[in-house]
Novice: 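Take a look at this one; I'll ask things after.
Here the structure is a predicted model, which is why all the values come from computation and not from measurement.
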Amino acid sequence: MGDHSTIAHNKLIDAGHCVKVTAGILRQGQRVLITQRGPDDRHPLKWEFPGGKVEVGETPQVGLRRELNEELGIYVRVGDLLVQHLHQER
């Protein structure tokens with residue numbers, strides 16, 4: 001999409017196990033890409049930065065490139081890590 005992409009990732013904790021996820025902040029000039037979840041998805045119709053789960057053996061950067069290609073059909077250059085966050089599911 002654009003001239004810059006930055007990786008952000010966190011770990012979701014659910015019943016004692018971690019799931020590593022990754023998300024990208026894709027910019028083109030003053031524009032930022034966000035995606036909307038489907039009506040039948042978890043957290044229906046919420047807006048989010050695109051990304052997804054990191055598969056076993058993947059780095060967050062590789063997982064982000066794969067997810068963006070699979071879900072949006074785009075190829076990106078992944079930049080530096082922006083933020084890391086540990087989130088406790090309720």
Novice: Distance check, rounded to the nearest 0.5 Å: Leu81 atom CG versus Gln61 atom CD?
Specialist: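 So the gap between those two atoms works out to 7.5 Å.
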Novice: Which residues pass the salt bridge (Lys or Arg N to Asp or Glu O under 4.0 Å) test with Glu58, sequence neighbours left out?
Specialist: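 Glu58 satisfies salt bridge (Lys or Arg N to Asp or Glu O under 4.0 Å) with Arg66 once adjacent residues are dropped.
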Novice: Distance check, rounded to the nearest 0.5 Å: Leu26 atom CG versus Thr35 atom OG1?
Specialist: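 Rounded to the nearest 0.5 Å, the CG-OG1 separation comes to 10.0 Å.
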Novice: Looking only at heavy atoms, what is the nearest atom pair of Pro44 and Pro39, with distance?
Specialist: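 Smallest heavy-atom distance, with atoms named: CB-O, 3.3 Å.
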Novice: How far apart are the closest heavy atoms of Leu45 and Gln36, and which atoms are they?
Specialist: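 Heavy atoms only, the tightest pair is O-NE2, 3.0 Å.
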Novice: Nearest heavy-atom pair of Val76 and Arg65: which atoms, and what distance?
Specialist: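 Heavy atoms of Val76 and Arg65 come nearest at O-CD, 3.6 Å.
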Novice: Following the transitive rule for hydrophobic clusters with a side-chain heavy-atom cut-off under 4.5 Å over Ile, Leu, Val, Met, Phe, Trp and Tyr, establish whether Trp47 and Phe49 coincide in one cluster.
Specialist: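 Same cluster: Trp47 reaches Phe49 through Ile, Leu, Val, Met, Phe, Trp or Tyr contacts under 4.5 Å.
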Novice: So which heavy atom on Ile74 is nearest to which on Leu33, and how close?
Specialist: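 Closest approach of Ile74 to Leu33: CD1-CD2, 4.5 Å.
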Novice: Of all heavy-atom pairs between Gly24 and Leu64, which one has the smallest distance, and what is that distance?
Specialist: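 That would be N-CD1, 3.6 Å.
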Novice: Indicate if Leu82 and Ile34 have the same hydrophobic cluster label, given that clusters are the connected sets of ILVMFWY residues with side-chain heavy-atom separations under 4.5 angstrom.
Specialist: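 Linked within one cluster.
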Novice: So which atom in Glu67 and which in Gly51 form the shortest heavy-atom distance, rounded to 0.1 Å?
Specialist: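 Minimum heavy-atom contact is OE1-O, 3.6 Å.
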Novice: Can you name the side chain to side chain contact (heavy atoms under 4.5 Å, CB included) partners of Arg37, sequence neighbours left out?
Specialist: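 In terms of side chain to side chain contact (heavy atoms under 4.5 Å, CB included), with neighbours along the sequence ignored, Arg37 is linked to Asp41, Arg42, His43, Lys46, Glu48.
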